[in-house]
Amino acid sequence: MSENVRVRFAPSPTGYLHVGGARTALFNWLYARHHGGTFILRIEDTDKQRNTTEAVQVVYDSLRWLGLDWDEGPEIGGDHDPYFQSERDAIYESYFQRLQEGGHLYQDKDGGAWRFRFTREVVEVDDLICGPVAFDFANVEITPDMTIRRPDGSWIFHFVNVVDDIEMRMTHVIRGEDHLPNTPKHLQLYRALGVVPPRFAHIPLILNKDGSKMSKRDQGASINSYIEGGYAPEAVRNYFCLLGWSPKDDTEVLPLDQLIARFDLDAVNRKGAHFDIAKCDWFNGQYIQRMPMERYLELAQPWLAQAGIVAPTEQLEPVLALEKMKVTHFREIPDRISFFFTEDYAYDLAAVEKTLRKPGALERLAQIAGTYSVLETFDAMTLEAKLKELAGSLGVKPAEFIHPTRVAVSGRGVGPSLYHMLEVLGKGRTLARIQQTLTRFAA
Ligand code: GLU
């Protein structure tokens, strides 16, 4: 590619980053990375009431969480133009003057707002995704001249958006399809300013499963809900890629280098993308299963800390490994494994009723403790063989030993594979826990 790709994400901070905005940022970022171009973050904060420092912080945090680093924009060092629209007033003034000198502007008689005079013709948008789309601007009743500046001097989105895209030398504008009807207006501004417009690519909206537009309240709408919901950023990012784009084969789980290598605008669909939180959860589980132990521990760590589970890595790792193939969200982990880290674990009443209160259960617990107490090797394979051998010699099903043992050492009726769990607990703690259970439920 001869031209150097320059794309941007231009959010208006609202206090949360919507999944649609995040996906727009992601597609721009992927496009830049795929073509070795530049990805710019620009904060469109002309609406003064809504734009707070916290709202901007949410944008940074969400993008960083998704791993979408920007090459130009706020907080990047060096001398450069400001990337907040609120700081670019002088630039807008100069473009405003150019339009005025060119005779493209006039002031409303009543309120004093400034309008841009449209050329009355059919404007064709040649969109990279939607194809050619014609908009008829011939009728002034249907498309009245647009306001670009309010009576109080503040700027209207269309004008500053175009000025910034010119000033920042954008080669492509990749944004949500809701902006497609704005594009002919923008093209009119480019023409009046004598600037060749960038290429436009409008990506399909994200819809709920029932086809309705995704709103703020819908589950999974806010990036914060993923951060707080125990998702792995790489899984969410991968899922978001597939909202409107698909690799040409059926592969779904794609590592980042593959996503960058394969992403391009020609494979973005025209139809709306259906959002499915269950699918996102599936990706999360898949990523957890496949991720290196180190990353799994790293992502689990904040959740463990929050639950007050603190232990050295050598102790955490084998315990967490037991659940790696089963976990869907990191937030589930503390509850799944808490019993490993206290001898004062709670006994689930239903599990106690169902297994420990069963006639003969406590005798069998004592028997398995006897069998296990003489073992020198305390690994899952040996533990399984010995339990089955004991059950066989007494003519009962292994389950009659498995269930009470599980409840005895964990207090629960469900959990990781029993033998692996016992191996991780170790001989001393296993036997102590069985003993403690026998004492407690003997009466
Ligand atoms: N601030 C606009 C938005 O958030 C940007 C639109 C664009 O990307 O051109 O929708």
Side-chain angles (χ1 to χ4, degrees), residues 5-32 37-52 55-60 62-63 66 68 70 72-74 82-88 91-92 95 125-130 133 135 146-148 154-190 193 195 197-206 213-216 221-223 240 243-244 265 268:
V5 164
R6 289 176 62 83
V7 290
R8 83 300 193 277
F9 176 51
S12 311
T14 55
Y16 83 113
L17 186 61
H18 186 266
V19 56
R23 197 261 326 238
T24 297
L26 175 62
F27 281 18
N28 276 284
W29 183 85
L30 285 170
Y31 192 69
T38 303
F39 174 63
I40 294 159
L41 174 63
R42 174 172 85 223
I43 307 292
E44 301 212 324
D45 60 345
T46 48
D47 182 346
K48 301 231 162 36
Q49 284 90 46
R50 291 206 310 180
N51 297 305
T52 59
V56 177
Q57 192 62 45
V58 169
V59 172
Y60 298 161
S62 304
L63 293 180
L66 286 166
L68 309 181
W70 51 99
E72 289 178 23
Y83 289 90
F84 286 86
Q85 288 189 329
S86 57
E87 296 169 6
R88 297 170 63 81
I91 299 168
Y92 305 139
Y95 276 82
V125 177
D126 188 15
D127 193 88
L128 288 170
I129 294 162
C130 306
V133 191
F135 295 87
M146 73 171 158
T147 306
I148 65 161
S154 62
W155 308 104
I156 299 288
F157 157 74
H158 302 291
F159 174 66
V160 291
N161 182 267
V162 166
V163 170
D164 284 346
D165 284 341
I166 294 171
E167 279 287 303
M168 296 179 183
R169 307 189 318 281
M170 291 301 123
T171 57
H172 298 76
V173 168
I174 305 167
R175 60 187 174 190
E177 206 183 316
D178 47 333
H179 284 291
L180 184 61
N182 293 330
T183 307
K185 300 179 183 175
H186 298 179
L187 288 174
Q188 291 239 8
L189 283 170
Y190 280 99
L193 290 162
V195 177
R199 297 304 312 271
F200 289 94
H202 288 91
I203 55 185
L205 296 183
I206 300 180
K213 203 180 154 200
M214 242 187 126
S215 80
K216 186 174 176 172
S222 160
I223 299 312
F240 284 2
L243 293 171
L265 293 174
V268 174

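Both ligands and their constituent atoms are indexed starting at 1 by order of listing. All values reported here derive from a predicted model rather than from experimental measurement.
Of the possible polar contacts, none joining the Arg169 side chain to the Arg6 backbone as a donor-acceptor pair under 3.5 Å is found. Between the side chain of Asn28 and the main chain of Val7, no donor-acceptor pair closer than 3.5 Å is present.
With contacts defined as side-chain heavy-atom distances shorter than 4.5 Å, the pair Leu128/Ile174 does not qualify. Taking the side chain as every heavy atom from C-beta outward, Asp165 and Arg42 approach each other to under 4.5 Å.
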Considering only N or O atoms, set out every pair between ligand 1 and the protein closer than 3.5 Å, with distances to one decimal place.
| from | atom 1 | to | atom 2 | distance (Å) |
| --- | --- | --- | --- | --- |
| ligand 1 | 1 (N) | Ala10 | O | 2.8 |
| ligand 1 | 1 (N) | Ser12 | OG | 2.9 |
| ligand 1 | 1 (N) | Glu44 | OE1 | 2.6 |
| ligand 1 | 8 (O) | Arg8 | NH1 | 2.8 |
| ligand 1 | 9 (O) | Arg8 | NH2 | 2.8 |
| ligand 1 | 9 (O) | Asn161 | ND2 | 3.0 |
| ligand 1 | 9 (O) | Arg175 | NH1 | 2.8 |
| ligand 1 | 10 (O) | His179 | NE2 | 2.7 |

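Taking the six-membered ring for Trp and thresholds of 30 and 60 degrees, Phe159 and Trp155 have ring planes inclined between 30 and 60 degrees apart.
The six-membered or imidazole ring of Phe157 lies near that of His179, with a centre-to-centre distance under 6.0 Å.
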